[in-house]
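Atom set for the values below is all heavy atoms of this structure, side chains included, hydrogens, waters and symmetry mates excluded.
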Amino acid sequence: MNTTTRPNLPVRERHWESALLDLEAYLGRIDYHGSFAPTIETLRALQRAHLDVIAFENLNIITGGEIRLDLASLQDKLVYRRRGGYCHEQNILFATVLDRLGFDVTGRSARMLMGGDERELTAVGHTCLNVRIDGNDWHVDVGVGNTGPREPIPLQDGVEVSHNRWVYRLNRTEAGRWLLRYRRHDGWFNLYQFSEEPYYRVDYEDHNYSVSTHPESPFVRRIVAQRNGEAIRYALTDCELKVFRPGEPPEKRSILPEMMPGVLRDVFGLDLPQEALSLLVDRAHAMCGAEVKEDSLGA
């Protein structure tokens, strides 16, 4: 396996801990057997492989655990224990892999909209990435659950791309930010907006603490698991399972709390310890009949 590491980075904070990465274990986890050359073709193949296997989920928070962003914790959870994670976990791990392979990758942070107007200023807090290849910038994100892009998107105003039959568009806003939009069955849906300012691990640690502990965070209040598939996508929020196909309204199904372990295993590829599953079933019993604030999860 021929890989490269970019030494002597000019900014210490850009370091992704890539020298400590168990690259072979990660590649085995996502079943990747392609090229390691730092090209757009490799980047595209890695992103698809990652999303095919690693689910988006917040279950550690719901079962009383914590989310840690150091590489040892990310590898233990997402690679060795074959779990999923949310944006901070997934994109930091993916950036570390890309850095190890010789890609020029920089952290970004976005303001989530989830259907909202881009003129409404929401808080910065979503981790995403910029990858520069041969002088061209590509927007990369493996951590937007079931609504995110499956491939890199060129950082160009007005560009529209199709990832299989899922369609995305990037536009510059009047404020000079980049706006990522996703075409649903009922029209364009604003996902988030971001600037070209670089963000670092210290920023992501702060964002992660807020989203994993704040009582108003949807990841604190709801059971969330999502899959970003090539042909079909899934979103579980408490006891509602949504199934998405390109160009069609979502199919909604209610599940019983006792069905939670089987759904997590069979739909999302998540095989949790029995103690955690019992806690999730108990939480589902408490949540599924309760009135809760609506969140734009699994849109």
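- Heavy-atom neighbours of Glu258 CD from other residues, nucleotides or ligands within 6.0 Å: above the threshold of 12.
- Arg132 and Asn130 form no side-chain donor-acceptor contact under 3.5 Å, judged by distance and modelled atom types alone.
- Salt bridge annotation for Arg68-Glu89: absent, with no cationic side-chain nitrogen under 4.0 angstrom from a carboxylate oxygen.
- Scanning both residues, Tyr204 and Arg108, for their nearest heavy atoms gives OH-O, 2.7 Å.
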Begin with the C-alpha distance, continue with both residues' side-chain angles, and end with the deciding distance and a verdict on side-chain contact (heavy atoms from CB on, under 4.5 Å) for Ile62 and Leu280. CA-CA 7 Å; Ile62 300 301; Leu280 286 169; 3.7 Å; yes
Go through it in stages, so that I can follow the logic: the residues are Phe244 and Tyr234, the test is ring pair (Phe, Tyr, Trp, His ring centres under 6.0 Å), and I'd like the CA-CA distance, side-chain angles, deciding distance and then a yes or no. CA-CA 6 Å; Phe244 299 84; Tyr234 299 93; 8.7 Å; no
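- Separation of atoms CD1 (Ile67) and OG1 (Thr213) is listed at 11.0 Å; rounding is to 0.5 Å.
- Nearest heavy atom pair, residue Ser109 against residue Val124, reads OG-CG1, 3.0 Å.
- Within the structure, no pair that satisfies the disulfide (SG to SG under 2.5 Å) test touches residues 30-96, not counting sequence neighbours.
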Residue pair Asp31, Asp52: steps toward the side-chain contact (heavy atoms from CB on, under 4.5 Å) verdict: CA-CA 10 Å; Asp31 195 28; Asp52 282 343; over 6 Å; no
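- Cluster membership for Ile255 and Val224, using ILVMFWY side-chain heavy atoms within less than 4.5 angstrom, is not shared.
- Side-chain contact annotation: Asn146 with Asn228, donor-acceptor N/O pair under 3.5 Å absent.
- Between Arg48 and Glu230 there is no salt bridge, since no side-chain N of the basic residue sits under 4.0 Å from a carboxylate O of the acidic one.
- Electrostatic pairing of Arg222 and Asp238 counts as a salt bridge here, judged by a charged N lying under 4.0 Å from a carboxylate O.
- Arg165 contributes no side-chain N or O that, together with a main-chain N or O of Ala231, makes up a donor-acceptor pair within less than 3.5 Å.
- A donor-acceptor pair shorter than 3.5 Å can be found between the side chains of Asp141 and His126.
- Cluster annotation: Phe36 is connected to Leu21 through the hydrophobic network of ILVMFWY side chains, with a link wherever side-chain heavy atoms come within less than 4.5 Å.
- Met260 CE to Ser278 OG: the interatomic distance, rounded to the nearest 0.5 Å, is 12.5 Å.
- Without hydrogens or angle criteria, Tyr32 side chain to Ser35 main chain gives a donor-acceptor distance under 3.5 Å.
- Val144 and Trp188 fall into different hydrophobic clusters, where Ile, Leu, Val, Met, Phe, Trp and Tyr are joined by side-chain heavy atoms under 4.5 Å apart, directly or via other members.
- Judged by distance alone, the side chain of Thr63 and the main-chain N or O of Leu59 form a donor-acceptor pair under 3.5 Å.
- With values rounded to the nearest 0.5 angstrom, Leu71 atom CG is found 10.0 Å from Ile92 atom CD1.
- Phe56 and Val263 fall into different hydrophobic clusters, where Ile, Leu, Val, Met, Phe, Trp and Tyr side chains are chained together by heavy-atom contacts under 4.5 Å.
- Surrounding CG of Asp157 are more than 12 heavy atoms belonging to other residues, nucleotides or ligands, all under 6.0 Å away.
- Hydrophobic clustering keeps Leu270 apart from Tyr80 (ILVMFWY residues linked when any side-chain heavy atoms are closer than 4.5 Å, directly or through intermediates).
- Separating the CD atom in Glu66 from the OG atom in Ser212 is a distance of 8.5 Å, to the nearest 0.5 Å.
- For the residue pair Asp70 / Ser73, a side-chain donor-acceptor distance below 3.5 Å is found, with atom types taken as modelled.
- When every heavy atom of Val142 is checked against every heavy atom of Leu51, the shortest pair comes out as O-CD2, 3.6 Å.
- Dense packing is recorded around CZ of Arg172, with more than 12 heavy atoms of other residues, nucleotides or ligands lying under 6.0 Å away.
- Under the side chain to side chain donor-acceptor pair (under 3.5 Å) test applied with His50, the options Arg29, Gln90, Arg150 reduce to a single match, Gln90.
- Looking at Arg245 and Glu251, a side-chain N of the basic residue comes within less than 4.0 Å of a carboxylate O on the acidic one, giving a salt bridge.
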For side-chain contact (heavy atoms from CB on, under 4.5 Å), just list the numbers for Thr106 and Asp104, CA-CA rounded to whole Å, side-chain angles, deciding distance to a tenth of an Å, and then say yes or no. CA-CA 7 Å; Thr106 303; Asp104 182 358; 4.3 Å; yes
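- When all heavy atoms are compared, the tightest approach of Thr147 to Leu191 is OG1-CD2, 3.4 Å.
- None of Leu129, Val161, Ile40, Leu46 except one satisfies the side-chain contact (heavy atoms from CB on, under 4.5 Å) rule with Pro152; the exception is Ile40.
- At distances below 3.5 Å, not a single donor-acceptor pair connects side-chain atoms of Lys242 with backbone N or O atoms of Arg253.
- Although no hydrogens or angles enter the test, the distance criterion places a donor-acceptor pair under 3.5 Å between the side chain of Arg227 and the main chain of Phe268.
- Interatomic distance, Leu279 CG to Gln274 CD, rounded to the nearest 0.5 Å: 10.0 Å.
- More than 12 heavy-atom neighbours from other residues, nucleotides or ligands sit within 6.0 angstrom of CD on Glu248.
- Under 3.5 Å, the side chains of Arg83 and Asn60 contain a donor-acceptor pair of N or O atoms.
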Steps toward side-chain contact (heavy atoms from CB on, under 4.5 Å) verdict (Ile61, Tyr86): CA-CA 11 Å; Ile61 300 172; Tyr86 58 19; 3.9 Å; yes
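- Note on ring orientation: taking the six-membered ring where Trp is involved, the planes of His88 and His207 are tilted (angle from 30° to 60°).
- Rounding to the nearest 0.5 angstrom, the gap separating the NE2 atom in His214 from the CZ atom in Phe219 is 14.5 Å.
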Stepwise salt bridge (charged side-chain N to carboxylate O under 4.0 Å, His left out) check, Arg183 with Glu160: CA-CA 10 Å; Arg183 194 165 71 195; Glu160 188 172 310; 3.6 Å; yes
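- Between the side chain of Thr42 and the main chain of Ala37, a donor-acceptor pair closer than 3.5 Å is present.
- The two residues Pro38 and Ile133 make their nearest non-hydrogen contact at O-CG2, 4.0 Å.
- Residues satisfying the ring pair (Phe, Tyr, Trp, His ring centres under 6.0 Å) test with Tyr168, not counting sequence neighbours, are His163, Tyr182.
- A salt bridge links Asp76 to Arg81: one of the charged nitrogens lies within less than 4.0 Å of a carboxylate oxygen.
- A salt bridge is defined here as a Lys NZ or Arg NE, NH1 or NH2 lying under 4.0 Å from an Asp or Glu carboxylate O, and Glu17 with Arg201 meets this definition.
- Environment of OH in Tyr209: sparse, with no more than 12 heavy atoms of neighbouring residues, nucleotides or ligands closer than 6.0 Å.
- The backbone N or O of Trp16 lies less than 3.5 Å from no partner atom in the side chain of Asp99, so there is not a single donor-acceptor pair.
- Pro250 and His185 make their closest contact through CD-CE1, 3.7 Å (heavy atoms, listed as atom of the first residue, atom of the second, distance).
- Asn164 places no side-chain N or O within 3.5 Å of a backbone atom of Trp166 that could act as its donor or acceptor partner.
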Take His139 and Phe194 through the test ring pair (Phe, Tyr, Trp, His ring centres under 6.0 Å) and record every step on the way to the result. CA-CA 10 Å; His139 179 66; Phe194 60 96; 4.4 Å; yes
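- Residues satisfying the side-chain contact (heavy atoms from CB on, under 4.5 Å) test with Glu118, not counting sequence neighbours, are Leu113, Thr173, Leu179, Asn190, Gln193.
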